[in-house]
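Shown next, in structure tokens, is the structure this report addresses.
Here is how names work: the chains are called A, B, and so on, in the same order as the sequence lines, proteins then strands, and each is numbered from 1.
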There are 4 protein chains.
Amino acid sequence: MANPPGSKSVAKRRAPAQARARQTRALILEAAIRLLEKRGLRAFSTNRLAEAAGFSVGTIYQYFENKQEILDALARHERDRRLARTTRTLTSHAQETGTTGLSLRDRIRIVVRTELHAFDGRQRARKILFDLSWRGQQHRDMDRPVTVLADMLAAGQVVDGERGAVRLSATDSFVLTQAVAGIVRAALERDEQMLLAPEFEDAVVELVAGFVEARRCKP
Amino acid sequence: MANPPGSKSVAKRRAPAQARARQTRALILEAAIRLLEKRGLRAFSTNRLAEAAGFSVGTIYQYFENKQEILDALARHERDRRLARTTRTLTSHAQETGTTGLSLRDRIRIVVRTELHAFDGRQRARKILFDLSWRGQQHRDMDRPVTVLADMLAAGQVVDGERGAVRLSATDSFVLTQAVAGIVRAALERDEQMLLAPEFEDAVVELVAGFVEARRCKP
Amino acid sequence: MANPPGSKSVAKRRAPAQARARQTRALILEAAIRLLEKRGLRAFSTNRLAEAAGFSVGTIYQYFENKQEILDALARHERDRRLARTTRTLTSHAQETGTTGLSLRDRIRIVVRTELHAFDGRQRARKILFDLSWRGQQHRDMDRPVTVLADMLAAGQVVDGERGAVRLSATDSFVLTQAVAGIVRAALERDEQMLLAPEFEDAVVELVAGFVEARRCKP
Amino acid sequence: MANPPGSKSVAKRRAPAQARARQTRALILEAAIRLLEKRGLRAFSTNRLAEAAGFSVGTIYQYFENKQEILDALARHERDRRLARTTRTLTSHAQETGTTGLSLRDRIRIVVRTELHAFDGRQRARKILFDLSWRGQQHRDMDRPVTVLADMLAAGQVVDGERGAVRLSATDSFVLTQAVAGIVRAALERDEQMLLAPEFEDAVVELVAGFVEARRCKP
DNA sequence: AATGAATGAGCCTTCATTCAT
DNA sequence: AATGAATGAAGGCTCATTCAT
């Protein structure tokens with residue numbers, strides 16, 4: 001009534017309203033992560049979320065079409081954090097040492113380490129989201145962090161000193177990415193501390209490096 | 001007479017009953033797989049299962065303690081099929097060629113191939129069960145098929161020609177096993193056909209072989 | 001603003017909602033008593049209650065944790081009615097006649113009569129609730145009405161004319177209370193009309209008075 | 001087939017068959033009591049009973065129309081034990097001392113004590129049965145043990161030395177019987193040990209004696 | 001924008017009873 | 001007489017979602 005659809009007459013009002021809306025959305029998502037962490041997926045119901053967020057169920061449905069959308073948003077958010085972290089680390093290292101100073105193995109180690117440490121804190125929530133997105137449609141999206149390196153390799157960007165450029169096929173890239181993801185997934189399930197052990201990191205780096213080595217263009 | 005009630009003196013009487021019972025159980029499990037395949041995990045309710053199996057809910061609970069137990073039985077069954085297949089192939093190849101004639105790479109390929117082809121038919125159901133057990137307590141059990149090779153390697157049983165014996169640490173074994181499992185899982189999700197492509201198999205074999213190579217005791 | 005979401009600044013908004021909620025709760029309880037009365041405990045299922053109350057099951061669970069809680073609320077309510085009635089009668093009689101003017105036998109008669117008449121209307125429902133609480137944990141609570149007199153006697157508050165004060169031990173108090181409760185329970189079961197017969201009241205008063213007399217401090 | 005209905009040709013076979021049948025019935029009931037004692041009423045299902053008894057469900061339904069009938073039989077059995085015990089004690093005491101030598105108070109004490117001690121062992125089962133029959137139709141039957149004395153009194157059989165005969169009305173008898181039953185019931189619920197305490201017995205005896213005293217024919 | 005009471009299909013499970021063998 | 005597989009209505013309860021306010 002005060003707002004028949006399409007008649008947003010006062011533009012000025014909009015901005016703060018939108019700001020508030022964005023904040024509400026953020027609060028809901030934050031509460032969602034907390035709830036997931038504390039109570040697990042089974043207890044993650046819209047009603048409980050509403051209570052945890054301090055809003056009413058209705059409000060939640062004002063910001064999200066349905067429950068799944070919330071989970072998706074959460075997963076996307078986590079993925080972005082991981083992605084940002086990986087690229088940040090990768091580039092910062094590059095800048096410090098100069099692009100050429102970073103060996104292939106070093107790069108691999110950086111990506112792997114970032115991936116392995118991605119689940120510090122809120123482990124439970126992250127595991128759940130990881131699973132969920134693995135299962136769901138957005139699988140592809142969730143892998144992006146690991147894909148960063150694979151993509152670089154696939155595009156032949158990485159030249160490793162005197163040895164030839166590395167070039168991965170789409171299949172190779174997929175295999176590599178999913179292998180790492182699978183390892184992380186399993187470790188998360190079996191024993192989270194495992195992820196932080198140096199010999200674990202070594203093994204993963206070795207796995208990746210071994211594969212890349214095998215794929216190197218034979219000169 | 002002295003016969004405690006319930007233990008019929010004539011064993012024959014019990015036989016048909018047990019045969020029928022075994023058949024009913026099998027029918028339920030078969031219906032379960034079918035239901036899982038056709039409608040997915042979310043539609044897999046005890047009532048729907050009963051209907052699909054052509055029994056009443058009560059009957060189902062005569063054979064299984066609860067819903068989870070059905071899923072477990074299914075998963076166990078699938079795993080056993082995979083495990084049997086892997087070992088069978090491994091040993092039959094060994095016999096054909098003579099034990100020593102089977103190179104490490106050959107062995108790897110056999111295990112990998114069996115694993116990749118394990119999900120022909122009923123893919124959806126198998127994927128669901130795979131996921132479920134990955135998540136649940138029986139994780140360890142479900143990996144067994146892939147673990148076969150890893151264990152052989154870990155135990156240093158495989159000697160590859162003139163080159164030294166291969167020996168994997170527990171961590172290495174875990175990483176290797178989970179990498180393969182992760183790849184299969186992902187392919188299953190993304191595009192089941194992928195699993196059958198030769199270059200896919202090659203990539204996985206390469207990954208495994210590369211890792212094993214790196215871990216080989218340098219003579 | 002600073003308002004934590006969910007706590008409306010205007011208290012008026014909440015009022016109607018709460019009023020409605022209180023009313024719904026009352027409606028459910030009222031339907032529960034009716035159902036109990038008409039169909040008995042065995043027919044008292046949450047689904048049937050929902051139907052009888054004109055709400056859906058879900059709504060019922062919005063107001064009560066579980067089925068037992070409804071029964072408890074009902075029982076508590078009934079007990080409060082009885083308790084209030086007993087004390088009210090006791091005090092009003094006292095005021096009319098002056099405290100000293102009320103003989104021990106008079107007091108006993110008042111308590112007994114209130115107890116015997118407590119189950120007018122909805123007899124079946126009340127019987128069921130009585131039983132239920134007799135059985136359950138709140139046994140102690142449910143006896144309170146009868147305990148009122150016993151407590152007075154136990155505390156030695158009642159002085160009966162020139163004769164000594166009456167004082168009951170804990171055991172005596174228990175025996176007396178439960179004797180009366182047992183009689184009511186049985187009469188309720190056998191023939192509710194019995195409770196209203198004067199000679200029945202006389203017998204119970206005699207029982208109580210006889211016991212108290214026996215326990216009186218011999219001067 | 002071997003036995004078309006109505007063709008019990010051999011009479012001699014019948015007797016042992018009936019003996020066996022009686023034994024089976026007894027075995028079922030014994031298992032029922034055990035089950036009730038160990039697992040409580042909620043776990044008392046026909047299937048579980050069958051298992052506990054070592055028969056199949058079908059067999060149980062050959063001996064009892066339905067579940068309730070089993071419970072009834074159990075309750076009746078328990079009552080008979082109590083009844084037998086009370087009368088036995090009463091008469092044995094009478095014989096030892098000569099009828100006149102047993103004072104009214106002594107008789108009361110005997111009946112009360114037998115009643116209070118009736119629930120040794122299998123307390124849980126007995127409490128359940130007590131409750132069940134209290135509730136059910138056979139209420140009347142179950143009270144019989146306590147009624148023995150009341151009946152004697154009601155019939156004016158008891159003369160107490162020089163003082164006049166005691167005579168109770170039907171109402172009096174009911175009140176007395178149920179008072180005792182109520183006390184036992186409550187003690188059973190609250191703390192079974194209570195039933196064995198001497199001061200508890202004293203209080204109950206006092207209650208009964210006090211009432212009887214009051215009802216004595218005033219000479 | 002926000003509320004939150006209300007919905008109701010659906011879930012898993014139990015158990016008294018029947019009946020073909 | 002005994003078996004026990006099969007039945008299926010019914011039970012208590014959950015939760016994503018809607019909609020009048």
Table please: side-chain donor-acceptor pairs of residues 44-54 of chain B below 3.5 Å, with sequence neighbours left out.
| residue | atom | partner | partner atom | Å |
| --- | --- | --- | --- | --- |
| B:Ser45 | OG | B:Arg48 | N | 3.2 |
| B:Arg48 | NE | B:Ala43 | O | 2.9 |

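- Positionally, the nearest nucleotide of DNA chain F for B:Gly58 lies more toward the 5' end than for the other of B:Gly58 and C:Asn66.
- Considering only the side chain of D:Lys67, E:dA16 comes nearest among E:dA6, F:dC13, E:dA16.
- At least one side-chain nitrogen or oxygen of C:Thr24 sits closer than 4.0 Å to the OP1 or OP2 atom of E:dA6.
- Protein atom CZ of B:Arg42 is 11 Å distant from nucleotide atom P of F:dA16, rounded to whole Å.
- OP1 or OP2 of F:dT7 lies within a sub-4.0 Å distance of a side-chain N or O belonging to B:Thr59.
- B:Ser45 comes within 4.0 angstrom of sugar-phosphate atoms only, judged by non-hydrogen atoms across all strands, and of no base.
- The nearest whole Å value for the distance from the CD1 atom in A:Ile28 to the C1' atom in E:dA2 is 11 Å.
- C:Glu69 has its CD atom 14 Å from the C1' atom of F:dG12, to the nearest Å.
- D:Tyr61 approaches D:Asn66 most closely through the heavy-atom pair CE2-CA, 4.0 Å.
- In DNA chain E, consecutive stretches of 3 or more Watson-Crick or G-U wobble pairs with both distances under 3.5 Å are given as paired ranges: E:2-21 with F:2-21.
- Counting all heavy atoms, side chain and backbone alike, B:Ile33 lies closest to B:Leu129 at CD1-CD1, 4.0 Å.
- Relative to the side chain of B:Gln62, the nucleotides F:dA2, F:dT7, E:dT13 differ in distance, and F:dT7 lies closest.
- One finds a side-chain N or O of C:Tyr63 lying less than 4.0 angstrom from the OP1 or OP2 phosphate oxygen of E:dA6.
- Of all heavy-atom pairs between A:Lys38 and A:Arg124, the closest is O-NH1, 3.0 Å.
- Less than 4.0 Å separates DNA chain F from at least one heavy atom of each of the following residues of residues 46-57 of chain B: B:Phe55, B:Ser56, B:Val57.
- Here D:Ile70 contributes atom CD1 and D:Leu35 contributes atom CG; the two are 10.0 Å apart, rounded to the nearest 0.5 Å.
- At whole-Å resolution of the value, CD in A:Glu65 and C1' in F:dT18 are 13 Å apart.
- The separation between B:Phe44 atom CZ and E:dG10 atom P is 18 Å, rounded to whole Å.
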Candidate pair D:Ile28 and D:Arg25, rule side chain to side chain contact (heavy atoms under 4.5 Å, CB included), full reasoning | CA-CA 5 Å; D:Ile28 292 173; D:Arg25 216 189 119 96; 5.7 Å; no
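- The distance from the CZ atom of C:Arg79 to the CZ atom of C:Phe130 is 12.5 Å, given to the nearest 0.5 Å.
- Of all non-hydrogen atoms in A:Ala73 and A:Phe64, the two that sit nearest each other are CB-CE2, 4.2 Å.
- Summarising the geometry, the separation between CG on C:Leu27 and P on E:dA5 is reported as 15 Å, rounded to the nearest angstrom.
- Minimum interatomic distance between D:Leu36 and D:Ala125 (heavy atoms only, all atoms of both residues): CB-CB, 4.0 Å.
- Straight-line distance from the CZ atom of A:Phe64 to the P atom of F:dT18: 16 Å, rounded to whole Å.
- Nucleotide F:dC15 holds its P atom 14 Å from the CD1 atom of A:Ile70, rounded to whole Å.
- Between A:Tyr61 and F:dT17 there is a side-chain N or O to OP1 or OP2 distance below 4.0 Å.
- Of all non-hydrogen atoms in B:Glu69 and B:Glu65, the two that sit nearest each other are OE1-N, 2.8 Å.
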